[in-house]
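Just so we're on the same page: letters track the sequence lines, and every chain starts at 1. Bear in mind the structure is a predicted one, so any value in this text is a computation, not a measurement.
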Protein chains: 2
Amino acid sequence: MSMPELGISVLMSQFRCNEVIPSKQHFLWLSTVGPMENLKIDRERRTTTDQVFEDLRDDILSLALLPGAKMSEAEVAARFGISRQPVRDAFNRLGHLGLLKIRPQRATVVRGFSIEKIAEARFIRLALELEVMKQACNVWDQKCSDSAMRNLEEQKAAIDAETLDRFHTLDFQFHLLICELGGCHHAIDTIMSCRQKTDRLCVLSFNRDKEVDSVIEEHHQLIAALNERDEAKATDIIRTHLGRLDSVVAEIQSKHAEYFE
Amino acid sequence: MSMPELGISVLMSQFRCNEVIPSKQHFLWLSTVGPMENLKIDRERRTTTDQVFEDLRDDILSLALLPGAKMSEAEVAARFGISRQPVRDAFNRLGHLGLLKIRPQRATVVRGFSIEKIAEARFIRLALELEVMKQACNVWDQKCSDSAMRNLEEQKAAIDAETLDRFHTLDFQFHLLICELGGCHHAIDTIMSCRQKTDRLCVLSFNRDKEVDSVIEEHHQLIAALNERDEAKATDIIRTHLGRLDSVVAEIQSKHAEYFE
DNA sequence: GCTGTTATACTAACATACCAGTTTAACCAA
DNA sequence: TTGGTTAAACTGGTATGTTAGTATAACAGC
């Protein structure tokens with residue numbers, strides 16, 4: 001899987017207080033609503049709750065708020081200069097996303113990583129992407145290949161320019177692009193949701209830049225397999241590709257055990 | 001709005017006060033918490049919000065509250081004899097589950113079926129169950145077979161006794177059982193969530209009892225395939241099996257177009 | 001110093017009041 | 001009858017007060 005966005009994320013928390021907020025730019029792909037959250041698009045009006053929710057979510061996903069951090073409705077409300085009510089609503093949303101641990105009459109805290117949840121997200125994403133490959137093999141043509149290739153070239157350019165966050169965005173988009181090209185737009189929301197759950201953790205990984213070359217190579221092989229419409233090969237590559245997550249998880253778990261629960 | 005929020009739902013509210021609650025019985029399998037809702041198990045205390053949420057969810061999933069029915073925070077609060085606050089929280093949860101359509105300054109309504117959402121749930125469930133079959137083939141043994149067979153026998157008994165709801169519960173458990181036996185407990189929550197989204201619709205189907213024999217037969221074939229550890233055969237059966245949903249959806253869509261959005 | 005108790009300072013859940021939009025229907029004019 | 005205007009009846013979002021339960025620190029007894 002993917003690589004990380006660290007470094008940058010630490011820088012962001014400083015920017016957040018200014019008016020220029022690069023974090024929103026860099027993490028635009030993270031900020032995109034997930035599968036259960038995209039329901040709020042009905043709400044054409046942007047409420048105070050929405051704003052608080054998004055701000056806090058970005059802080060948590062970027063690790064500006066670390067697992068275990070205490071969050072008080074009153075304190076956050078005061079910080080935002082609003083009443084407790086919208087904060088309470090935002091807390092509830094974050095709680096349902098698994099980002100906050102809310103218990104009555106007890107301090108609300110940022111949830112740590114859960115091995116269980118990570119394994120679940122990995123399994124679901126794997127299952128989905130495997131099926132996507134099958135579907136894609138049925139409809140893949142030169143046009144699809146060109147489109148994917150264009151993204152891949154950008155990935156290489158991003159690596160050469162050492163803009164790792166840009167690469168991460170492109171990697172994210174690459175997988176979604178194949179969904180789209182394969183006619184599996186149904187899978188997109190859920191895959192995004194799965195990545196949100198695991199990518200927060202990758203921020204802490206240090207040796208991610210050592211693996212990007214392999215990632216690029218696998219992306220290349222994937223396109224080749226799709227061009228040949230070789231389903232077996234494509235699914236094999238996906239299994240290997242997503243298997244990379246395991247070592248990252250193991251690394252973080254041993255290095256930052258305090259962030260797990 | 002379209003449909004009455006009265007009728008059956010009013011009848012049910014009478015039952016709710018009694019000790020025998022048939023609706024809860026019939027839809028017990030539906031009531032089981034979904035993947036995003038099971039997070040609330042942290043809350044060891046059962047809050048008023050929880051109660052309202054579960055009651056309304058059951059009403060919606062059992063179609064006691066039909067798509068399009070208007071729901072007012074104030075009205076529900078008065079009916080439950082509580083303040084608007086817990087109702088509001090419950091509404092928000094239901095909104096995030098895609099069961100309610102909440103818009104500021106506008107009446108909240110029960111969401112109708114969405115072809116998009118149904119297709120999405122179908123795709124995700126298919127992808128997951130396919131991967132489950134692969135995993136299960138690797139670990140399947142006589143003990144697993146016996147366990148699954150026991151459930152299958154109960155299914156047959158339920159059919160003979162003409163207790164269709166009992167059969168439905170067992171069918172639900174059958175698929176989850178294979179997840180568990182195959183070591184894919186990670187998939188359970190999401191599969192349950194997917195079924196919740198589609199099974200509300202199946203309540204309206206009239207000819208499901210005509211298909212149960214085929215369903216039983218496929219379940220039988222599935223166990224046979226797993227016993228032979230024949231991955232290709234197992235996945236083929238799953239594709240056919242889940243494909244049944246399509247005709248049901250088509251039937252309901254033509255017969256109850258007013259429930260779709 | 002250590003332990004059990006108690007008082008105090010928290011917490012989120014819940015209740016109530018108000019506000020700003022939306023919907024609806026009554027109404028008047030053409 | 002029809003089309004446009006307006007006012008009243010709603011809606012959910014927000015603010016604030018109250019309550020019950022929890023954690024913590026001060027403290028009394030040993």
Check this for me, if you would: do [X] and [Y] make a salt bridge, where the nitrogen-to-carboxylate-oxygen distance has to be below 4.0 angstrom?
{"X": "B/Asp171", "Y": "B/Arg195", "answer": "yes"}
{"X": "A/Arg46", "Y": "A/Glu54", "answer": "yes"}
{"X": "A/Asp50", "Y": "A/Arg93", "answer": "yes"}

How long is the line joining [atom1] of [X] and [atom2] of [N], in whole Å?
{"X": "A/Gln85", "N": "C/dC18", "atom1": "CD", "atom2": "P", "answer": "16 Å"}
{"X": "A/Arg106", "N": "C/dA12", "atom1": "CZ", "atom2": "P", "answer": "11 Å"}
{"X": "A/Asp50", "N": "D/dG12", "atom1": "CG", "atom2": "P", "answer": "16 Å"}
{"X": "A/Lys70", "N": "D/dA23", "atom1": "NZ", "atom2": "C1'", "answer": "8 Å"}
{"X": "A/Arg103", "N": "C/dT11", "atom1": "CZ", "atom2": "P", "answer": "14 Å"}
{"X": "A/Ile102", "N": "C/dC14", "atom1": "CD1", "atom2": "P", "answer": "13 Å"}
{"X": "B/Glu73", "N": "C/dA15", "atom1": "CD", "atom2": "P", "answer": "13 Å"}
{"X": "A/Asp89", "N": "D/dG13", "atom1": "CG", "atom2": "C1'", "answer": "8 Å"}

Strictly distance-based, threshold 3.5 Å: is any side-chain N or O of [X] a donor or acceptor partner for the main-chain N or O of [Y]?
{"X": "B/Ser62", "Y": "B/Asp58", "result": "yes"}
{"X": "B/Thr190", "Y": "B/Ala187", "result": "no"}
{"X": "A/Glu261", "Y": "A/Gly112", "result": "yes"}

Which nucleotide in the list [options] gets nearest to the side chain of [X]?
{"X": "B/Phe91", "options": "D/dA23, D/dT14, D/dG12", "value": "D/dG12"}
{"X": "A/Thr48", "options": "D/dT14, D/dG12, C/dA13", "value": "D/dT14"}
{"X": "A/Thr49", "options": "D/dT14, C/dA13, D/dG13", "value": "D/dT14"}
{"X": "B/Thr47", "options": "C/dT22, C/dC14, C/dA12", "value": "C/dC14"}

- Query: Do B/Glu251 and B/Ser205 get their side chains close enough for a donor-acceptor pair, meaning under 3.5 Å?
  - Reply: yes
* Asked: Who passes side-chain contact (heavy atoms from CB on, under 4.5 Å) against B/Thr163, sequence neighbours left out?
  ->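 B/Ala158, B/Ala161, B/Asp165, B/Arg166.
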Ordered by number, residues from residues 77-84 of chain A within less than 4.0 Å of DNA chain D (heavy atoms) are A/Ile82, A/Ser83, A/Arg84
* Assign the ring pair A/Phe123 / B/His186 to parallel, tilted or perpendicular, where the plane angle (0 to 90°) is split at 30° and 60°. => tilted
Tell me whether the side-chain N/O atoms of A/Arg88 come closer than 4.0 Å to OP1 or OP2 in C/dA12.
no
What pairs of nitrogen or oxygen atoms, one from the protein and one from nucleotides 7-10 of chain D, lie under 3.5 Å apart?
none

